[in-house]
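What follows is a set of notes on a single structure, which appears directly below.
All chains are named by letter (A, B, ...) in the order of the sequence lines, taking the proteins before the strands, and each is independently numbered beginning at 1.
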There are 2 protein chains.
Amino acid sequence: MRPDTHTFRSRCSIARTLEILGDKWTLLVLRDLMWHGKDRFKALQESEEHIPANLLSERLKRLQDWGLIEKEAYQERPTRYRYRLTEEGRSLEPVLLQIMRWGHAHLGGGLFDPVSGRSQQATPDKA
Amino acid sequence: MRPDTHTFRSRCSIARTLEILGDKWTLLVLRDLMWHGKDRFKALQESEEHIPANLLSERLKRLQDWGLIEKEAYQERPTRYRYRLTEEGRSLEPVLLQIMRWGHAHLGGGLFDPVSGRSQQATPDKA
DNA sequence: CGACTCACTTTCATTTTGAAAGTTACTTAA
DNA sequence: TTAAGTAACTTTCAAAATGAAAGTGAGTCG
């Protein structure tokens, strides 16, 4: 968490949330950690959208600062790291689901079912 | 809508949604149109977070392009404009609500009730 | 030794942001 | 009949963020 150093721009919950998650990449990192078993730097980098390495690095740091994920060396020689959602991070699942549903209904993207771990493909008649 | 010109970077519904809404301002504009009766350029500008005029102008254009809002001259001499959510734009309410709930629970922001039009203030013990 | 992998960091050109001032159309007060 | 004011933008420009690519360091493998 980041209680002391940070000053929010407003008291609005949406504005506050956007200070942490309001960009084109952060929620995709959380999506991959939440649902797609991608817990390593390289795996996160290689997702469909191809986040640049420097941005991934920055975003992971920010998410750690806010206590939404944690980093763990799960192997020595060679040292390998794993990122995982904290309980606070996991609590974002309803947000991801809601955004996904909207994108599926209005932009024709896929629909992932976290229970089965499978996705339905796009509604083909939209952008 | 913007079906023809635009190519999405991936088939993921979340990634697609973030191409339209993934920044620090767009959802705040939608919040103000959705719940706070701010339908004029000036009113939107004067919200707590103070979006710069050039960004507000750009965001309003983008939201129009995607068919989420529409612009209407509701008065001549002097000409005055009003922005309003389309039905597609209204369909983002569950997304806004979910983000708001998360921000309230985890970042201590306010909690607005769209039914009563009133907000509960921040949980005072968090950032 | 040389090649390869992972997990980054650095570099740098391009793009976006944000603060401020400027513009246009029109109204109202002096 | 200017003068000031308001709304809705647009323009300007410096600073910050983004993104493509190359570089780094620790370690392994053949």
Exercise for the section: Compare the minimum distances between each of C:dC8, D:dA20, C:dA7 and the side chain of A:Lys42, then state the nucleotide with the smallest one. Expected result: C:dA7
Handout entry: Residue B:Ser57, side-chain heavy atoms: nucleotide from D:dT10, C:dG18, C:dC8 that is nearest
Key = D:dT10
Practice task
Return yes if some donor-acceptor pair links the side-chain N/O of B:Ser13 with the main-chain N/O of A:Gly109 below 3.5 Å, else return no.
Solution key: yes
Problem - A:Glu70 side-chain N/O to A:Gln64 backbone N/O, donor-acceptor pair under 3.5 Å - result: no
What integer distance in Å separates [X]:[atom1] from [N]:[atom2]?
X       : N      : atom1 : atom2 : result
A:His50 : D:dA21 : NE2   : P     : 12 Å
A:Leu18 : C:dT17 : CG    : C1'   : 16 Å
B:Gln45 : C:dA21 : CD    : C1'   : 13 Å
B:Lys61 : D:dC9  : NZ    : P     : 8 Å
B:Arg82 : D:dA7  : CZ    : P     : 15 Å
A:Ile51 : D:dG19 : CD1   : P     : 8 Å
B:Glu46 : D:dT6  : CD    : P     : 11 Å
B:Asn54 : C:dA20 : CG    : P     : 12 Å

Do NZ/NE/NH1/NH2 and the carboxylate oxygens of [X] and [Y] come within less than 4.0 Å?
X       : Y       : answer
A:Arg82 : A:Asp39 : yes
A:Arg11 : B:Glu48 : no
B:Glu72 : B:Arg84 : yes

Exercise for the section: Pull out every residue in residues 25-41 of chain A that has a heavy atom closer than 4.0 Å to any atom of DNA chain C, ordered by number, or say none. Expected result: A:Arg40, A:Phe41
Identify all side-chain donor-acceptor contacts of residues 20-31 of chain B below 3.5 Å with residues at least two apart in sequence or on another chain.
residue	atom	partner	partner atom	Å
B:Asp23	OD1	B:Trp25	N	2.6
B:Asp23	OD1	B:Thr26	N	2.8
B:Asp23	OD1	B:Thr26	OG1	3.1
B:Asp23	OD1	B:Arg59	NE	3.4
B:Asp23	OD2	B:Thr26	OG1	2.5
B:Asp23	OD2	B:Arg59	NE	3.3
B:Asp23	OD2	B:Arg62	NH2	2.8
B:Thr26	OG1	B:Arg59	NE	3.4
B:Arg31	NH1	B:Glu49	OE2	2.9
B:Arg31	NH2	B:Glu49	OE1	2.8

Exercise for the section: Compute the centroid of each ring, for B:His106 and then for A:Trp66, and state whether the two points are separated by less than 6.0 Å. Expected result: no
Practice task
Show your working on side-chain contact (heavy atoms from CB on, under 4.5 Å) between B:Val95 and B:Gln98 and close with a plain yes or no.
Solution key: CA-CA 5 Å; B:Val95 171; B:Gln98 203 64 60; 5.9 Å; no
Handout entry: Distance below 4.0 Å between B:Lys24 side-chain N/O and D:dA16 OP1 or OP2
Key = no
Exercise for the section: Would you please confirm or rule out a distance under 4.0 Å between OP1 or OP2 of D:dT18 and any side-chain N or O of A:Arg59? Expected result: yes
Practice task
Would you jot down, in residue-number order, the residues of residues 74-81 of chain A having a non-hydrogen atom under 4.0 Å from DNA chain D?
Solution key: A:Arg77, A:Pro78
Problem - Distance under 6.0 Å and angle within 45° of ring axis: A:Lys71 vs A:Tyr83 - result: no
